[in-house]
There are 2 protein chains.
Amino acid sequence: MRADAKRNYDLIVTAASEAIARDGAYASLEEIARSAGVGSATLHRHFPTRWSLLQAVFGGCVRNLAARAGDLLAASDALDALTTWLHEVTAYATTTRGLADSLLNEPAEESETCGATLVAAGEPLLRRAVDEGSVRPGITMADLMILANGISLAAQPMGAAKAEQLLTLALRGIGPAVRPQP
Amino acid sequence: MRADAKRNYDLIVTAASEAIARDGAYASLEEIARSAGVGSATLHRHFPTRWSLLQAVFGGCVRNLAARAGDLLAASDALDALTTWLHEVTAYATTTRGLADSLLNEPAEESETCGATLVAAGEPLLRRAVDEGSVRPGITMADLMILANGISLAAQPMGAAKAEQLLTLALRGIGPAVRPQP
DNA sequence: AAACAAGTGGGGTGTCCCCCCACTTTTCGT
DNA sequence: ACGAAAAGTGGGGGGACACCCCACTTGTTT
């Protein structure tokens, strides 16, 4: 890639980060180009679709979360590691404007999407918890991601605290407290 | 209201129902006006915001669901009645294009919103299940609605079956099957 | 039947996404 | 070091949209 192309690429991603943090995933692409100091055609050449731009903006966050999943594999309690990670994902998706929309609406056909990365990163955590017997088998990480995502999206207006509470609720179920078994 | 005003109002709602069923909650307002045979200004005068139109379109469905909640109050098993109703709401919101978006994005400040109607309708079902002891106290119907809504929204691309499965998961929790207690 | 209020739609403005095309900048072989 | 090919750029136009103003039409009322 040519030097100036990379320079513009970075300028666009930086400007997009700010605009999306302010206006959400549907921030105006023209305004992003304007504040990056490039023509709208340039933005459109680097990022043919809105989601390719969102992917570039959120790629870093997603990689961080994936790495965090790797770290948590070393924790002693598998169930706790899984729920901790899901809470972190939910908190991030709720707090970071546009992330939840981005994860939900990205075209499902492509591989290398943010959602697929997160699912792949969380899979070992889930498998470990299932092996341990603390999570019922038959549950897939894709299911849990959709759940966490949906909660993030629906609870976004209420703030991260509500999202976390709802995630806790969904992971526990609505039934009465179960007495710890011998 | 004048006779022709009501006539146009109905024409617009009918056209909007079709357009939204086809294109989702963000269907073009101009095209709705065009296919209703009225000017865009007329549409905009009857429905100042997109959500006021969505409310008119989905008001019937919402009232049906609310009535269904009333019927289920007569069921013998309170927990079953609650979960059945939540499943019906989820199925409806997942199947009917635009409903989930509409419920989620409607301005929270107004009363008489579709979401508020559903919450109010479900409240007795929840209270009965809590009194019965089959649902842990501290859970509000608003929480459950957000949950059901989020699931509908996030699972929409995968279809109603996936949404129902995820709702079951969320109501049960992820833990291993609990042996029926004496 | 006539006057008044309520309702209507065409057209204008500003914004947005997307694309084409003439021009500029970087890179690389000599 | 230099000039040509290749890669990149941005201005501007087309099409669609939401929203609003205003002269005109239509229904209602006494």
Side-chain angles (χ1 to χ4, degrees), chain A residues 1-58 97-99 101-102 104-107 109-110 113, chain B residues 1-58 97-99 101-102 104-107 109-110 113:
Chain A
M1 172 155 18
R2 247 168 62 168
D4 58 341
K6 175 152 188 56
R7 194 174 53 86
N8 276 340
Y9 182 99
D10 293 341
L11 282 174
I12 290 171
V13 171
T14 303
S17 299
E18 293 167 12
I20 288 168
R22 192 175 57 249
D23 302 331
Y26 294 100
S28 158
L29 297 180
E30 283 200 340
E31 204 232 284
I32 290 172
R34 217 177 300 129
S35 77
V38 303
S40 65
T42 300
L43 184 149
H44 207 263
R45 191 171 324 103
H46 280 296
F47 306 100
T49 73
R50 172 167 238 115
W51 286 273
S52 59
L53 176 58
L54 288 168
Q55 216 163 309
V57 167
F58 292 125
R97 290 208 52 169
L99 219 195
D101 284 281
S102 178
L104 184 59
N105 291 17
E106 64 189 354
E109 281 72 27
E110 307 207 9
T113 60
Chain B
M1 173 157 16
R2 248 169 60 168
D4 58 341
K6 175 151 189 57
R7 194 174 52 87
N8 276 339
Y9 182 100
D10 293 340
L11 282 174
I12 291 170
V13 170
T14 302
S17 299
E18 293 167 11
I20 287 168
R22 193 176 55 249
D23 302 332
Y26 294 103
S28 158
L29 297 180
E30 284 200 339
E31 204 233 285
I32 290 172
R34 216 176 301 130
S35 77
V38 303
S40 66
T42 301
L43 184 148
H44 207 263
R45 190 173 326 101
H46 282 293
F47 306 100
T49 72
R50 172 167 236 113
W51 285 273
S52 58
L53 176 57
L54 288 168
Q55 216 162 308
V57 167
F58 292 126
R97 290 208 53 168
L99 219 194
D101 285 282
S102 179
L104 184 59
N105 291 19
E106 64 188 357
E109 281 72 26
E110 306 207 11
T113 60

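Within every chain, numbering begins at 1; the chains are lettered A, B, ... in the order of the sequence lines, protein sequences first and strands thereafter.
Using a 30° and 60° split on the angle between ring planes, Tyr9(A) and His46(A) fall in the perpendicular class, above 60°.
Between the CG atom of Leu11(A) and the C1' atom of dG10(D) there is a distance of 15 Å, rounded to whole Å. Distance Leu53(B) CG to dC19(D) P: 11 Å, rounded to the nearest Å. Between the C1' atom of dC17(C) and the CD1 atom of Ile32(A) lies a distance of 12 Å, rounded to the nearest Å.
For Asp4(B), the side-chain atoms get nearest to dT8(C) when compared with the rest of dT8(C), dC19(D), dT9(D). Nearest nucleotide to the side chain of Arg45(A), out of dC16(C), dG12(D), dG10(D): dG10(D).
Between Asn8(B) and dT8(C) there is a side-chain polar atom (N or O) within less than 4.0 angstrom of OP1 or OP2. At the phosphate of dA18(D), OP1 or OP2 sits under 4.0 Å from a side-chain N or O atom of Ser28(B). Under 4.0 angstrom from either OP1 or OP2 of dC17(C) there lies no side-chain N or O belonging to His44(A).
Projected onto DNA chain D by closest heavy-atom contact, Arg7(B) and Leu29(B) fall at different nucleotides, the more 5' of which corresponds to Leu29(B). Taking for each of Glu30(A) and Val38(B) the nucleotide of DNA chain C with the nearest heavy atom, the 5'-most of the two is the partner of Val38(B). Nearest-nucleotide assignment on DNA chain D puts the 5′-proximal partner with Tyr26(B), out of Tyr26(B) and Arg2(B).
Rounding to the nearest 0.5 angstrom, the gap separating the CZ atom in Arg22(A) from the OG atom in Ser17(A) is 11.5 Å. Atom CZ of Arg45(A) and atom CD1 of Ile12(A) lie 9.0 Å apart (nearest 0.5 Å). Atoms OG1 and CZ, on Thr49(B) and Phe47(B) in that order, are 10.0 Å from each other to the nearest 0.5 Å.
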